[in-house]
Amino acid sequence: MEVIGKVKLIGDVQTFGANGFRKRELVVTTDDQYPQMIMIEFVQDKCDLLNNYSVGQDVKVAINLRGREWINPQGEAKYFNSIQGWRIENLSQAASSSNLPPVDQFQPASKVSDAEPDDLPF
């Protein structure tokens with residue numbers, strides 16, 4: 001699944017526990033009729049993917065939905081969901097990095113005739 005929108009916030013890397021579990025949060029505002037602010041977690045080595053991004057950039061984030069069960073001390077089950085990012089792409093850069101010249105720089109075809117053989121395979 002993917003979330004497309006504008007970067008609203010990039011959190012600092014947080015470290016938890018003795019084994020050094022790392023987490024970093026990203027908030028993306030969608031460009032829908034009713035914009036949503038989606039918080040996406042990047043964990044462990046994926047935290048570093050956010051280093052080259054900043055607030056205001058248009059991005060596409062590949063995500064996985066995660067769910068887990070927790071049994072509280074009273075024995076009741078509680079359920080939690082999270083959204084984990086595993087890839088991020090800068091959409092503004094992708095749109096501007098096209099290698100094709102503008103259409104008006106191409107010369108129109110000359111001497112086009114229906115008498116020419118049609119050697120196209122389709």
Side-chain angles (χ1 to χ4, degrees):
M1 297 189 342
E2 296 175 339
V3 173
I4 297 174
K6 189 175 293 290
V7 174
K8 180 176 178 72
L9 175 103
I10 300 175
D12 294 329
V13 176
Q14 302 171 38
T15 306
F16 303 94
N19 60 0
F21 176 81
R22 298 184 327 140
K23 177 175 93 166
R24 192 170 185 186
E25 295 175 346
L26 168 75
V27 177
V28 174
T29 304
T30 63
D31 186 26
D32 298 326
Q33 180 180 1
Y34 301 103
Q36 302 296 308
M37 286 166 260
I38 309 293
M39 196 275 294
I40 303 167
E41 298 176 338
F42 286 76
V43 297
Q44 298 299 73
D45 61 328
K46 302 297 183 194
C47 292
D48 298 332
L49 295 176
L50 301 177
N51 290 344
N52 297 323
Y53 291 89
S54 58
V55 172
Q57 287 182 299
D58 291 315
V59 294
K60 176 168 58 172
V61 184
I63 62 166
N64 290 327
L65 295 177
R66 300 283 184 213
R68 62 191 171 286
E69 178 184 64
W70 174 69
I71 308 296
N72 70 14
Q74 292 76 30
E76 300 168 335
K78 302 286 181 179
Y79 298 92
F80 298 92
N81 298 319
S82 63
I83 302 171
Q84 283 190 356
W86 54 274
R87 183 178 62 210
I88 183 168
E89 179 182 338
N90 184 349
L91 292 180
S92 356
Q93 181 182 28
S96 66
S97 68
S98 174
N99 293 331
L100 296 176
V103 174
D104 60 353
Q105 288 187 0
F106 290 102
Q107 294 296 323
S110 61
K111 299 182 191 175
V112 176
S113 164
D114 289 334
E116 291 183 30
D118 185 6
D119 59 349
L120 295 176
F122 47 89

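- Here the straight-line distance linking atom CG of Leu65 with atom CG of Asn81 works out to 7.5 Å at 0.5 Å rounding.
- Heavy atoms only, all atoms of each residue included: Val13 and Arg24 are closest at CG2-CD, 3.7 Å.
- In this structure, Gln44 contributes its side chain and Arg22 its backbone to a donor-acceptor pair below 3.5 Å.
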Could you give the side-chain donor-acceptor pairs of residues 69-78 under 3.5 Å, partners two or more places apart or in another chain?
residue	atom	partner	partner atom	Å
Glu69	OE2	Tyr79	OH	2.7
Asn72	OD1	Gln74	N	3.0
Asn72	OD1	Gly75	N	3.0
Asn72	OD1	Glu76	N	2.8
Asn72	ND2	Gln74	OE1	3.4
Asn72	ND2	Glu76	OE1	3.0

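- Under a hydrophobic clustering in which Ile, Leu, Val, Met, Phe, Trp and Tyr are joined whenever their side-chain heavy atoms come within less than 4.5 Å, directly or via other members, Leu26 and Ile83 fall into the same cluster.
- In this structure the side chain of Arg87 reaches within 4.5 angstrom of the side chain of Glu2, judged on heavy atoms.
- Legend: residues meeting side-chain hydrogen bond (donor to acceptor under 3.5 Å, both in side chains) with Thr30, ordered by chain and number and at least two apart, are Asp32.
- Both Phe42 and Ile38 sit in one connected hydrophobic cluster of ILVMFWY residues. Membership requires side-chain heavy atoms under 4.5 Å apart, directly or through other members.
- Atom CD1 of Ile40 sits about 14.5 Å away from atom NZ of Lys46, to the nearest 0.5 Å.
- Both Phe16 and Val43 sit in one connected hydrophobic cluster of ILVMFWY residues. Membership requires side-chain heavy atoms under 4.5 Å apart, directly or through other members.
- The number of heavy-atom neighbours closer than 6.0 Å to CG of Asp12, taken from other residues, nucleotides and ligands shown, is 12 or below.
- Taking CZ of Arg68 as the start and CZ of Phe80 as the end, the distance is 7.0 Å to the nearest 0.5 Å.
- The neighbour count for Asp48 CG, taken as heavy atoms of other residues, nucleotides or ligands under 6.0 Å away, is above 12.
- Following chains of ILVMFWY side-chain contacts shorter than 4.5 Å, one cannot reach Val28 starting from Met37, and the two form parts of different hydrophobic clusters.
- Interatomic distance, CE of Met1 versus CG of Asn64, reported as 8.0 Å (0.5 Å rounding).
- Taken together through direct or relayed side-chain contacts under 4.5 Å among Ile, Leu, Val, Met, Phe, Trp and Tyr, Val59 and Leu49 form part of one hydrophobic cluster.
- A donor-acceptor pair is defined here as one N or O able to donate and one able to accept, closer than 3.5 Å; no such pair exists between the side chain of Tyr53 and the backbone of Ile10.
- Contact detail for Thr29 and Pro35: the closest heavy-atom pair is CG2-CB, 4.0 Å.
- Glu25 contributes no side-chain N or O that, together with a main-chain N or O of Lys23, makes up a donor-acceptor pair within less than 3.5 Å.
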